[in-house]
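See below for the structure under consideration.
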Amino acid sequence: KKPKRTKEEIEEARQLKIKKMEEEEQSRWRWWEEEKYEDGVKWRFLEHSGPYFPPEYQPLPDHVNFYYDGKKVKLSLAAEEVALFFAQMLDHEYTTKKVFRENFFQDWRKEMTDEERSLIQELDKCDFGEIHAMHKAKVEARKNMSKEEKLVCNIQFRKVLKEANQKILDEYGYCLLDHHRERIGNFKIEPPGLFRGRGEHPKQGKLKKRIQPEDVIINCSKESRIPVPPAGHRWKEVRHDNTVTWLASWTENIQGSIKYIMLNANSKLKGEKDWEKYEVARKLKSCVDNIRNQYLMDLKSREMCTRQRAVALYFIDKVGVTVVILKLALRAGNEKEEGETADTVGCCSLRVEHITLHDTLDASECVVEFDFLGKDSIRYYNKVPVIKKVFKNLKLFMEDKQPGDELFDRLNTSLLNKHLSSLMPGLTAKVFRTYNASITLQQQLKELTNVIILFFFPCRLPESDSVAEKLLSYNRANRAVAILCNHQRAPPKTFDQSMANLQSKIEARKEQLVLAKSELKQAKKEAKAKGSADAKLQALVVRKKMAVKRCEEQLLKLEVQATDREENKQIALGTSKLNYLDPRISVAWCKKMEVPVDKIYNKSQRDKFAWAIDMTEVGFEF
DNA sequence: GGTCATGACTCAGAAATTTGACT
DNA sequence: GAGTCAAATTTCTGAGTCATGAC
C-alpha cells in the first residue's frame with residue numbers, strides 16, 4: 001500500500017510548489033521589455049536536441065492472429081503494422097466509411113509482400129478481431145492501472161513511466177534560443193497511422209508513413225551543438241536559417257505539405273507575434289470607419305470586380321442593421337485544389353448554392369441565408385438582413401449562374417488582401433476577425449458587468465456581484481465572440497447526464513436551504529422567548545444565520561454553473577480566448593472587477609499571455 | 001499582370017491525460 | 001482518506017491564411 005504522507009510532508013510539497021512557481025516567475029524572460037530584432041531575423045542563437053522519434057513497431061504476440069477468409073495468416077511485419085492501425089480504429093465510425101476503407105485497403109496492399117497481395121483481395125474478408133481485442137485490452141489495462149495501483153509493482157511501473165516521460169521532455173522538450181531556455185510545442189515526430197481528415201475528406205484512411213531521420217531537416221545555429229541523429233541514421237539536411245522560427249521539418253506523404261517543429265505558445269517568438277497581431281487589429285479600429293465608407297461606395301462601382309470585392313468585404317467585416325448589429329466575420333476563403341481536401345469554403349470561395357436570397361423573411365427585408373461548410377467542415381448557418389445595395393449586387397452576381405458556380409467569380413483572396421494592405425499596412429481579411437472579436441468582447445464586458453446598475457444604483461457596489469456572477473458575465477461575453485466566429489463543438493457525450501447531476505444537486509441544495517431557514521426561524525423563536533440574556537441561544541441564531549447564508553451562496557453558485565453549462569453546450573470558448581481576444585482586455589477587466597486573473601486564464605494561458613498580464617493597466621482600451 | 005506552387009505560420013476541434021471535487 | 005468520475009487541461013495534428021517568387 002502507498003505509504004501515508006504526513007502533514008509535514010504535504011505542507012512541504014505545497015511550499016515546494018510555491019517556491020517553484022516563484023522561481024519560474026523570476027526566471028521568466030521578459031522579452032517584451034527588450035528591443036526588437038531587425039526585420040526578418042527571428043533569432044541569433046538556436047540550439048536543440050532535434051525531434052523525438054516514436055518507438056519502433058513491436059510485432060504482435062504469437063497468440064494474436066489475423067485471419068483472412070477464416071484462415072489464419074501470418075503477416076509480414078510491414079503489413080502487420082498497418083493492419084494494427086486499422087484494427088485499433090475499429091470502434092470508430094471512420095472504419096465504416098466507404099472512402100476510408102477503400103483508401104486504407106489500397107495503401108495497405110502496397111505494404112504487403114507479393115504473396116500477401118495475391119491472397120488478400122477483399123477487405124470484407126479480413127478479420128481483425130483478435131488484434132482489435134488485444135488493443136482494447138491494452139487500453140483497458142492502462143485505464144485500470146490506478147485501481148491496481150495497490151500492487152507495488154504497478155506503482156513502480158507508473159513511476160518509471162512518468163520518469164521516462166520526464167526524461168524525454170527534459171531532453172527533447174526544450175531548446176536554447178538567444179540564451180533563454182524555451183519550451184518546444186511539438187517536439188515529437190508524428191507517429192505513423194491512418195490519416196483522419198475532417199468531414200468528407202477524399203484521402204481519409206490513407207497510410208501516414210513513418211518518418212525517418214533521413215526525411216527530417218534540422219534548423220539551428222551554425223555554432224550550436226548540432227543534434228545527433230538516432231544511431232545508424234543521418235538527417236536529410238542541417239541548415240542554419242534564422243529568418244524562420246522552426247527547429248525541424250519534414251514533408252508528410254498524404255498532401256505533400258511540410259510539417260514543422262516549433263516553439264510553445266509561451267515562447268518569445270510566438271508571444272511577440274501574438275502581440276503584434278493585436279496591435280494591427282487595434283490600428284484597424286482607428287481607420288475602420290473610412291474603410292467601411294469606402295466599400296459602401298464601392299458597392300456602386302462600374303467595375304464588377306470592385307463590386308464583388310465590396311460585397312465580400314461586407315461579409316468579412318460586418319452587417320449593420322438599425323437596432324441590432326449582426327456580424328458575419330467570415331474567413332477569407334482561399335481556393336482549394338479539388339479532390340485533395342474536403343469541400344469547404346470561406347468568403348471568397350462561396351458558391352451560388354451556399355446562399356439563398358429572401359426579399360422578406362421573418363419580418364426583415366433583404367435577408368441572406370448562408371449555409372455552407374467552413375473550416376474543419378463545421379457548418380455555418382446564418383440568416384442575416386443586409387442593406388439593399390448588397391442584396392441587389394448579390395442578385396446580379398448570381399444571374400445566369402449554376403448552383404456550383406463561384407459567387408465572386410472576379411475575386412480571390414490575393415486580390416482582396418492586396419486591396420486591404422493598400423488601405424492600411426498589415427491589413428488582411430483575417431485582421432477583421434481579430435478586430436471584431438476583440439471589440440465585441442470589450443463591448444460585451446462593458447454591457448454585461450453591472451456598469452448600468454452601478455450608474456443608476458451607486459449603493460450597489462460591484463462587490464455585490466459575487467465572483468461567480470462576474471465570471472458568468474465574462475463567459476457570456478466570451479460566448480458572444482465564439483458565436484460570432486462560429487466556434488462550435490460536438491456536445492460532450494456526457495452532457496445530458498452531467499446536466500441532470502447538477503440539477504439534482506441544485507434540488508438537494510434547495511431542500512437544504514428550506515431546512516436551514518426553518519431551523520433559523522425556530523432558533524430565533526426560542527431566543528426571543530428566553531430573552532437576550534441566553535448567550536448560548538444567541539450564538540445558535542448567529543450560527544443558523546451563517547448556515548442559511550452559506551446555503552444560499554452555494555445554491556447561487558450551482559445555478560450560475562448550470563446556466564453557464566447549458567449555454568455552452570455546443571459552443572467552444574477556447575479557440576476565441578486563445579486566438580482572437582486581445583488578452584489585455586481580459587486582464588484590464590479582471591483588475592477593474594477585482595477578479596483574480598487565474599479565474600479567467602489557467603496556468604498555460606497565463607504563461608502564453610504573460611506579456612499582457614505584465615503590461616496591462618486597469619484603464620486599457622482595445 | 002495573372003497564375004500557380006511552395007513555404008511558414010496561425011487557428012481548430014477531438015482525443016488523451018491529469019486534476020480535483022465529491023461521496 | 002480512498003475511490004470515483006466529471007471537469008479541466010494538454011496533446012495532437014489537420015485545416016486554414018497569407019506572402020513570395022517563378023514563369
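Order of the sequence lines sets the chain letters (A, B, ...), proteins ahead of strands, with each chain counted from 1.
The side chain to side chain contact (heavy atoms under 4.5 Å, CB included) test applied to A/Gln212 returns A/Arg210, A/Glu214, A/Asp215, A/His233, not counting sequence neighbours. Remark: A/Tyr435 engages no residue in a side chain to side chain donor-acceptor pair (under 3.5 Å) (not counting sequence neighbours). Listed by chain and number, the residues in a side chain to side chain contact (heavy atoms under 4.5 Å, CB included) with A/Val280 are A/Met424, A/Val431 (sequence neighbours excluded). Legend: residues meeting salt bridge (charged side-chain N to carboxylate O under 4.0 Å, His left out) with A/Glu279, ordered by chain and number and at least two apart, are A/Arg282, A/Arg584. Scored by the side chain to side chain contact (heavy atoms under 4.5 Å, CB included) test, A/Lys42 finds A/Thr245, A/Leu269 as partners (sequence neighbours excluded). With sequence neighbours excluded, the residues satisfying side chain to side chain contact (heavy atoms under 4.5 Å, CB included) with A/Arg198 are A/Asp376. By the side chain to side chain donor-acceptor pair (under 3.5 Å) test, A/Arg183 is found to be paired with no residue, residues two or more places apart in sequence or in another chain being considered.
Remark: P of C/dT17 and CD of A/Glu335 are 10 Å apart, rounded to the nearest angstrom. Across the protein-nucleic acid pair, A/Tyr260 atom OH and B/dT10 atom P stand 11 Å apart, rounded to whole Å. Atoms NZ (A/Lys569) and P (C/dA7) sit 14 Å apart, rounded to a whole Å. In this structure, A/Asp241 places its CG atom 19 Å from P of B/dT6, rounding to the nearest Å. If you measure from atom NZ of A/Lys273 to atom C1' of C/dA19, you get 10 Å, rounded to the nearest angstrom. Distance A/Gln570 CD to B/dA14 P: 11 Å, rounded to the nearest Å. Following rounding to the nearest Å, A/Gln166 (CD) and B/dT18 (P) show an atom-to-atom distance of 12 Å. At whole-Å resolution of the value, CD1 in A/Ile217 and C1' in B/dT6 are 13 Å apart.
Remark: A/Thr575, A/Asn579, A/Tyr580 in residues 573-586 of chain A come within less than 4.0 Å of DNA chain B through at least one heavy atom. Near DNA chain C, defined here as any heavy-atom distance below 4.0 Å, the residues from residues 413-435 of chain A are A/Asn417, A/Thr428, A/Ala429, A/Lys430, listed numerically.
The aromatic rings of A/Trp275 and A/Trp31 are tilted relative to each other, their planes meeting at an angle between 30° and 60°.
The stretch residues 417-428 of chain A participates, sequence neighbours left out, in these side-chain hydrogen bond (donor to acceptor under 3.5 Å, both in side chains) pairs: A/Arg309-A/His419.
Distances shorter than 4.0 Å separate some side-chain N or O of A/Thr245 from OP1 or OP2 on B/dC9. For B/dA15, the OP1/OP2 oxygens have a side-chain nitrogen or oxygen of A/His92 closer than 4.0 Å.
Here A/Lys42 lies in heavy-atom contact (under 4.0 Å) with sugar-phosphate atoms only.
For the pair A/Lys603 and A/Phe609, the cation does not sit on the ring face, since its NZ or CZ is not both under 6.0 Å from the ring centre and inside 45° of the axis.
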query: Just by protein heavy atoms under 4.0 Å, how would nucleotides 8-16 of chain C read 5' to 3' in B, S and -?
result: -SSSSSSBS
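With the nearest nucleotide of DNA chain B identified for both A/Ala572 and A/Gly256, A/Gly256 has the one nearer the 5' end. In terms of position on DNA chain B, the residue among A/Asn412 and A/Asp274 whose nearest nucleotide sits closer to the 5' end is A/Asn412.
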Under 3.5 Å, side-chain donor or acceptor atoms of residues 86-94 of chain A against the rest of the protein: list the pairs with distances, not counting sequence neighbours.
{"from": "A/Asp91", "atom 1": "OD1", "to": "A/His132", "atom 2": "NE2", "distance (Å)": "3.4"}
{"from": "A/His92", "atom 1": "ND1", "to": "A/Tyr94", "atom 2": "N", "distance (Å)": "3.1"}
{"from": "A/Tyr94", "atom 1": "OH", "to": "A/Gly197", "atom 2": "O", "distance (Å)": "2.7"}

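Remark: B/dC22 base-pairs with C/dG3. Criterion, Watson-Crick or G-U wobble with two distances under 3.5 Å.
You'll find the ring centres of A/Tyr380 and A/His354 outside the 6.0 Å limit.
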